[in-house]
Amino acid sequence: MIMLKSSVALIGFMGTGKTTIGKLLVNELGGEYQFIEMDQLIEDVAGKSIPEIFSQDGEVIFRELESKVCQKVSPLEKVVISCGGGTVLNQKNVENLKKNSTIILLESTIDTILNRILNDGIHERPVINKEDPIEEIKKLFHLRNPLYQSVADIIISTENKDRVVIVNEIIQRLSYHNEE
Ligand code: S3P
């Protein structure tokens, strides 16, 4: 069984594979680790879907719920947390996550992200469900990228890589990181 010195928080833009890779990573780490999907916890707390929170209560309320959930999951041991794409926009969330987790940024190119998001459907993602979603995605991507990079402990490119290769790379990089 693989033992890490910390929990793991996966960050990155929508469509970079945080959920898929997070679940696979937990499988690979073995029985003691648990996968946590922050968006799911937010929906559980609110009793409604993320699009419903945005449309009925607004983004400010969503971000408050996100911060509360982040504060709650941050101290947990042996967890892999899949953060929402906007979680690390709030410095307090970053501070909470950093206490106990290694922060891993999953990176993809804007073209890959556009393909994935447009295939999945934009309705699930209210931050880009605007008049011109493609422009909105591009704008947010360029705005957020420097921030993602500045808070990450480890940066993993997911571009043209098989999921298994990505997970193995994460485990390898975490082992080095934890030795430092
Ligand atoms: C958001 C990303 C979403 C979700 C919410 C807001 C964002 O999570 O938290 O719709 O601001 O980027 P995913 O990155 O898991 O899609």
Side-chain angles (χ1 to χ4, degrees), residues 7-26 34-74 79-94 96-97 101 103-152 154-159 163 166-167 170:
S7 287
V8 174
L10 295 176
I11 66 162
F13 204 77
M14 293 163 268
T16 47
K18 293 166 295 207
T19 303
T20 309
I21 297 299
K23 286 180 180 167
L24 283 174
L25 178 60
V26 163
Q34 202 196 331
F35 175 71
I36 291 182
E37 172 77 62
M38 275 190 47
D39 285 344
Q40 183 62 56
L41 291 186
I42 295 167
E43 290 187 334
D44 293 347
V45 170
K48 48 185 140 179
S49 70
I50 288 178
E52 282 169 346
I53 303 172
F54 271 78
S55 64
Q56 294 171 17
D57 311 309
E59 180 165 357
V60 173
I61 298 292
F62 171 79
R63 296 297 171 198
E64 279 174 21
L65 286 170
E66 184 175 48
S67 289
K68 277 190 192 145
V69 166
C70 185
Q71 194 177 13
K72 215 166 166 187
V73 300
S74 289
V79 290
V80 173
I81 305 164
S82 171
C83 297
T87 306
V88 295
L89 300 180
N90 180 331
Q91 180 58 26
K92 188 77 202 149
N93 294 346
V94 175
N96 279 329
L97 289 168
S101 286
I103 299 193
I104 301 183
L105 168 61
L106 298 184
E107 276 195 328
S108 305
T109 61
I110 184 70
D111 288 338
T112 303
I113 286 171
L114 278 170
N115 274 333
R116 287 203 194 129
I117 297 181
L118 297 177
N119 273 337
D120 290 356
I122 50 165
H123 301 291
E124 301 306 309
R125 298 180 153 111
V127 281
I128 46 124
N129 194 7
K130 307 255 164 87
E131 224 177 273
D132 187 345
I134 296 180
E135 266 321 298
E136 203 58 38
I137 294 168
K138 286 183 184 166
K139 191 183 87 187
L140 283 182
F141 179 81
H142 293 298
L143 204 72
R144 290 178 175 184
N145 242 350
L147 178 80
Y148 289 145
Q149 293 185 354
S150 73
V151 303
I154 294 172
I155 299 176
I156 306 269
S157 165
T158 63
E159 205 56 25
R163 293 161 178 183
I166 297 169
V167 170
I170 291 176

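Just the heavy atoms: all of them, side chains too, but no hydrogens, waters or symmetry mates, feed the values below. Counting starts at 1 for both ligands and their atoms, following the listed order. This chain uses plain numbering: 1 for the first residue, then up along the sequence.
Listed by atom number, the atoms of ligand 1 under 4.0 Å from Gly84 heavy atoms are 8 (O), 9 (O), 14 (O). Here is the list of ligand 1 atoms found below 4.0 Å of a heavy atom in Ile50: 10 (O). For ligand 1, the atoms sitting less than 4.0 Å from at least one non-hydrogen atom of Val127 are 7 (C), 11 (O), numbered in the order shown with element in parentheses.
Of all heavy-atom pairs spanning Pro51 and Pro126, the tightest one is CA-CG, 4.1 Å.
Phe62 and Phe54 have tilted rings, their planes meeting at an angle from 30° to 60° on a 0 to 90° scale.
In terms of protein heavy-atom proximity, atom 12 (O) of ligand 1 is closest to Arg144 NH1, 2.6 Å. Considering only non-hydrogen protein atoms, atom 15 (O) of ligand 1 sits nearest to Asp39 OD2, 3.0 Å. If you check which protein heavy atom lies closest to atom 2 (C) of ligand 1, you get Gly85 N, 3.4 Å. Among protein heavy atoms, atom 5 (C) of ligand 1 sits closest to Phe62 CZ, 3.8 Å. Distance from atom 14 (O) of ligand 1 to its nearest protein heavy atom, with residue and atom name: Lys18 NZ, 2.6 Å.
Heavy-atom neighbours of Glu52 CD from other residues, nucleotides or ligands within 6.0 Å: above the threshold of 12. Surrounding CG of Leu118 are more than 12 heavy atoms belonging to other residues, nucleotides or ligands, all under 6.0 Å away.
A salt bridge links Arg63 with Glu59: the distance from a Lys NZ or Arg NE/NH1/NH2 to an Asp or Glu carboxylate oxygen falls below 4.0 Å.
With hydrogens and angles disregarded, a donor-acceptor distance shorter than 3.5 Å links the side chain of Ser7 to the backbone of Val79. Although no hydrogens or angles enter the test, the distance criterion places a donor-acceptor pair under 3.5 Å between the side chain of Lys18 and the main chain of Gly12.
Distances from atom 6 (C) of ligand 1 to the heavy atoms of Arg63, Glu59, Glu66, Arg125 show the closest one on Arg63.
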